[in-house]
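Notes follow the structure.
The residues of the chain are indexed from 1 along the displayed sequence. Everything numeric in this text was worked out from a predicted model, so none of it was measured.
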Amino acid sequence: MSGTTTRKGLLSNLTFQIFIAMVAGAAVGIYLFAHFSEETCKDASTYLKLLATIFIRLVQMIIAPLVFSTLVVGIAKLGDIRSVGRIGGRALAWFFTASFLSLLIGMFWVNTLQPGAGLQIEGAGKEAVEEIAGTTESFSAQTFIEHIFPKSVVQAMATNEILQIVIFAIFFGLAAASLGSYAKPVIGVLERLSHIILKMVGYVMKFAPLGVFGAIAGVFAVLDAGTLVKTYLTYLGSFLVGIATLWVLLLAVGALFLGRRMGDLLKRITSPIAIAFGTTSSEAVFPKLTEELERFGVKERIVSFMLPLGYSFNLDGSMMYMTFASIFIAQVYHIHLDLTTQLTMLFVLMLTSKGIAGVPRASLVVVAATCGMFDIPVEGIALILPIDHFCDMFRSGTNVLGNALATSVIGKWEGEDNPN
């Protein structure tokens with residue numbers, strides 16, 4: 001009986017299902033590649049990729065309501081920014097500086113190591129790739145600035161114009177915050193809406209194995225298996241180099257501000273980091289992290305203010321991954337992104353990533369939105385999904401470290417920590 005229960009638990013595990021789908025998809029694709037003509041394989045690949053297309057559309061379906069609801073709630077929790085004063089200003093300065101450096105690290109390593117440069121993708125077709133590349137190269141600062149501001153939020157929602165939704169959400173959130181208790185019922189509704197949408201993310205991810213199977217089988221059917229395996233190993237290895245760099249930076253900054261107490265903080269947050277690593281969700285350890293930071297000596301009011309904001313505005317590991325994954329997909333499709341375009345992408349991600357909760361694979365939602373915005377084939381995220389779980393483990397743990405450091409340092413700056 002226990003064996004049956006264990007097997008059911010194993011089969012219900014999304015990571016295990018994705019692994020099985022990846023192996024099955026590779027096996028089917030390799031079989032097609034080895035036993036059928038090139039034309040037949042291309043036709044089969046087209047139909048198999050429909051599964052991935054369906055999954056991608058389900059992800060795109062929740063982008064607009066997720067970004068709007070979570071971002072408005074995150075801003076409203078700041079309260080009246082003028083009254084929040086010094087703490088809010090320092091918190092936001094820390095969050096945006098950490099986000100910028102994390103994004104920059106991801107951009108640096110993906111350009112330096114070029115993990116996607118060796119992969120040939122047939123699905124898009126040569127003409128389509130050239131057309132996409134041409135569109136990207138014509139992207140200018142003027143068109144970007146004009147594109148930021150929405151004519152209609154309804155139109156922006158309908159067309160998934162993520163940056164325009166962000167702009168509207170910022171104005172909406174600030175206006176709601178300025179109205180104080182009068183706007184609380186609306187913020188309460190939006191907070192509940194965000195929880196519903198995040199629950200939908202979990203439902204959508206149940207279709208991930210089918211999407212993975214279709215994407216992997218479709219790719220392996222037209223490509224040599226050895227090239228793909230090498231690419232995945234290169235991708236994961238390159239990502240870990242970036243995460244290691246980010247950890248070194250975070251630990252160095254922590255040691256600079258906390259001194260000898262940095263060691264004590266690491267002991268306190270080892271358990272939360274381990275839980276986040278295992279569950280691939282930094283939100284899963286929110287109560288535990290709150291408890292450990294208060295035991296570390298940070299006052300409750302600082303913890304209660306910083307952590308909720310940090311979970312919306314300060315996901316360092318996820319930020320690093322977003323530039324890395326987005327540019328990797330562009331490399332796979334041989335789309336050249338010049339430095340100006342990449343820096344524009346970095347700025348866009350600084351905005352679009354704010355408010356995205358630290359739940360498993362939430363970063364893929366932002367990557368999908370960013371790819372669509374820069375005319376990078378969105379279906380490319382299906383290629384990284386098979387190994388995204390392993391990347392998610394490391395970025396979730398990094399998110400916990402980043403928020404623990406931010407809360408502890410702000411607590412020290414405000415004289416609100418009590419060394420035990």
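With values rounded to the nearest 0.5 angstrom, Ser238 atom OG is found 12.5 Å from Ile243 atom CD1. Ile273 CD1 to Arg268 CZ: the interatomic distance, rounded to the nearest 0.5 Å, is 14.0 Å. Between the CD1 atom of Ile187 and the CG atom of Leu193 there is a distance of 11.5 Å, given to the nearest 0.5 Å. To the nearest 0.5 angstrom, Lys184 atom NZ is 12.5 Å from Leu179 atom CG. Atom CZ of residue Arg261 and atom NZ of residue Lys412 lie 8.0 Å apart, to the nearest 0.5 angstrom. Expressed to the nearest 0.5 Å, how far CE of Met322 lies from CG of Leu103 amounts to 8.0 Å.
Counting only distance, with no hydrogens or angles, the side chain of Ser194 and the backbone of Glu191 share a donor-acceptor pair below 3.5 Å. Under a 3.5 Å cut-off, the side chain of Gln331 and the backbone N or O of Val110 do form a donor-acceptor pair. At least one donor-acceptor pair closer than 3.5 Å links the side chain of Thr323 to the backbone N or O of Met320. Remark: side-chain polar atoms of Gln342 are paired, donor with acceptor, to backbone N or O of Leu337 under 3.5 angstrom.
Contact annotation: the side chain of Leu258 never approaches that of Asp264 to less than 4.5 Å [non-hydrogen atoms, C-beta and beyond]. Using a 4.5 Å heavy-atom cutoff, the side chains of Leu113 and Thr234 are not in contact. Contact annotation: the side chain of Phe207 never approaches that of Ile54 to less than 4.5 Å [non-hydrogen atoms, C-beta and beyond]. Between Phe374 and Thr344, the closest side-chain pair of non-hydrogen atoms falls below 4.5 Å.
Taking each heavy atom of Cys371 and Ser326 in turn, the nearest pair found is SG-CA, 4.5 Å. Between Ile216 and Gly25, the shortest heavy-atom distance links the atoms CG2-C, 3.8 Å. The nearest pair of heavy atoms linking Trp94 to Gly402 is NE1-O, 4.5 Å. Minimum interatomic distance between Gly218 and Ser45 (heavy atoms only, all atoms of both residues): O-OG, 2.7 Å. Nearest approach of Ile165 to Ala156, heavy atoms of both residues: CD1-O, 3.8 Å. Looking at every heavy atom in both residues, Asn111 comes nearest to Gln114 through O-NE2, 2.9 Å.
Between the side chains of Thr398 and Trp247, at least one donor N or O lies within less than 3.5 Å of an accepting N or O. For the residue pair Ser396 / Asn399, no side-chain donor-acceptor distance below 3.5 Å is found, with atom types taken as modelled.
Judged as a side-chain hydrogen bond (donor to acceptor under 3.5 Å, both in side chains), and not counting sequence neighbours, Asp316 has no contacts. In this structure, the side chain to side chain contact (heavy atoms under 4.5 Å, CB included) partners of Ser152, at least two apart in sequence or on a different chain, are Val154, Gln155. Remark: Phe68 pairs with Phe168, Phe172 by the ring pair (Phe, Tyr, Trp, His ring centres under 6.0 Å) rule, at least two apart or across chains. Scanning for ring pair (Phe, Tyr, Trp, His ring centres under 6.0 Å) contacts around Phe257 gives Trp413, with sequence neighbours left out. By the side chain to side chain contact (heavy atoms under 4.5 Å, CB included) test, Leu51 pairs with Phe213, sequence neighbours left out. Residues passing the side chain to side chain contact (heavy atoms under 4.5 Å, CB included) test with Thr53, sequence neighbours excluded: Arg57.
Residue Phe394 forms a ring pair (Phe, Tyr, Trp, His ring centres under 6.0 Å) with just one option from Tyr321, Phe277, Phe324, and that option is Phe277. Screening Leu405, Leu315, Leu289 for a side chain to side chain contact (heavy atoms under 4.5 Å, CB included) involving Val400 leaves a single residue, Leu289.
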Audit row: Glu292, Ser271, side chain to side chain contact (heavy atoms under 4.5 Å, CB included) steps and yes/no: CA-CA 9 Å; Glu292 292 297 342; Ser271 177; 5.7 Å; no
Side chain to side chain contact (heavy atoms under 4.5 Å, CB included) evaluation trace for Ile376 with Ile327: CA-CA 9 Å; Ile376 301 169; Ile327 297 174; over 6 Å; no
Working for side chain to side chain contact (heavy atoms under 4.5 Å, CB included), residues Leu266 and Leu251: CA-CA 9 Å; Leu266 287 176; Leu251 293 176; 3.9 Å; yes
Side chain to side chain contact (heavy atoms under 4.5 Å, CB included) assessment of Leu343 paired with Met107: CA-CA 9 Å; Leu343 290 174; Met107 189 179 80; 3.9 Å; yes
